[in-house]
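Here the structure is laid out as structure tokens; the discussion comes afterwards.
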Amino acid sequence: GSSGEVRWDAPVCVESCPRGGEQVLCPLPSSPPVEENMTLANGSVLMTVVSKQLLVPKAAGPTKQLQRLCLPARSWAADGAKQMAEGAKQMAGRLESYVATQRLAERFASGASALASSATMLTVVAALALL
């Protein structure tokens, strides 16, 4: 993050924990995903969700390794806990958005299936009427 801010909601992978001064690609705050729906010739819908994330090189501060994590070497107990809670809220918001998109896709698939079933039923009724 900028000015030594730790972005707990946006972890990055590194080959080894920085000792301080190494350049690390850090994500800037992202904008919400953009959703686009396009109706195809056969009546199906192509749903495209695009999420963009800009990564910028930043000088890393010194870190200490804790299992598979690199944590800031400076004392972060007080402000780190607050930032972690905020990051958890942001990640929960992203998860809710993803789940909502999945539910929308499931409802669309269910509606499309019901529509196809209705079309089949109408075809059968029309065929029976011709008999």
Side-chain angles (χ1 to χ4, degrees):
S2 61
S3 66
E5 170 193 345
V6 177
R7 296 266 326 271
W8 297 103
D9 65 313
V12 296
C13 293
V14 292
E15 198 168 307
S16 62
C17 290
R19 294 188 186 134
E22 295 94 328
Q23 293 290 308
V24 176
L25 288 175
C26 297
L28 292 178
S30 61
S31 54
V34 176
E35 183 179 313
E36 181 181 304
N37 297 322
M38 179 178 24
T39 303
L40 304 177
N42 65 0
S44 60
V45 174
L46 175 63
M47 180 187 303
T48 305
V49 180
V50 177
S51 180
K52 294 182 181 181
Q53 182 71 62
L54 180 62
L55 303 174
V56 295
K58 299 269 185 171
T63 61
K64 290 184 179 178
Q65 185 170 348
L66 176 64
Q67 294 185 14
R68 296 181 65 191
L69 302 173
C70 300
L71 299 175
R74 63 181 166 79
S75 173
W76 56 272
D79 67 353
K82 181 180 175 186
Q83 289 179 5
M84 284 177 70
E86 184 59 35
K89 284 183 202 174
Q90 291 176 9
M91 289 178 78
R94 290 180 185 167
L95 180 60
E96 284 178 24
S97 175
Y98 173 78
V99 168
T101 301
Q102 292 301 313
R103 286 185 182 146
L104 178 64
E106 288 169 5
R107 279 188 281 170
F108 178 78
S110 175
S113 176
L115 184 60
S117 185
S118 295
T120 302
M121 186 65 85
L122 287 174
T123 303
V124 169
V125 170
L128 289 175
L130 292 175
L131 294 177

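Source: prediction; values computed, not measured.
Residues L71 and K64 fail the side-chain proximity criterion, which asks for heavy atoms closer than 4.5 Å. The closest side-chain heavy-atom distance from V49 to E35 is below 4.5 Å. You'll find the side chain of L25 stays beyond 4.5 Å of the side chain of V12, heavy atoms only.
Contact detail for C17 and T63: the closest heavy-atom pair is CB-OG1, 3.3 Å. Smallest separation of non-hydrogen atoms from A59 and G21: CB-O, 4.1 Å.
Residue T39 holds its OG1 atom at 9.5 Å from CG of L46, rounded to the nearest 0.5 Å.
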| field | Stepwise side chain to side chain contact (heavy atoms under 4.5 Å, CB included) check, V24 with K58 | value | CA-CA 5 Å; V24 176; K58 299 269 185 171; 5.8 Å; no

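Applying the side chain to side chain donor-acceptor pair (under 3.5 Å) test to residues at least two apart or on different chains, none of the pairs has a partner in residues 10-30.
Residues forming a side-chain hydrogen bond (donor to acceptor under 3.5 Å, both in side chains) with S44 (at least two apart in sequence, or on another chain): N42. Legend: residues meeting side chain to side chain contact (heavy atoms under 4.5 Å, CB included) with V34, ordered by chain and number and at least two apart, are absent.
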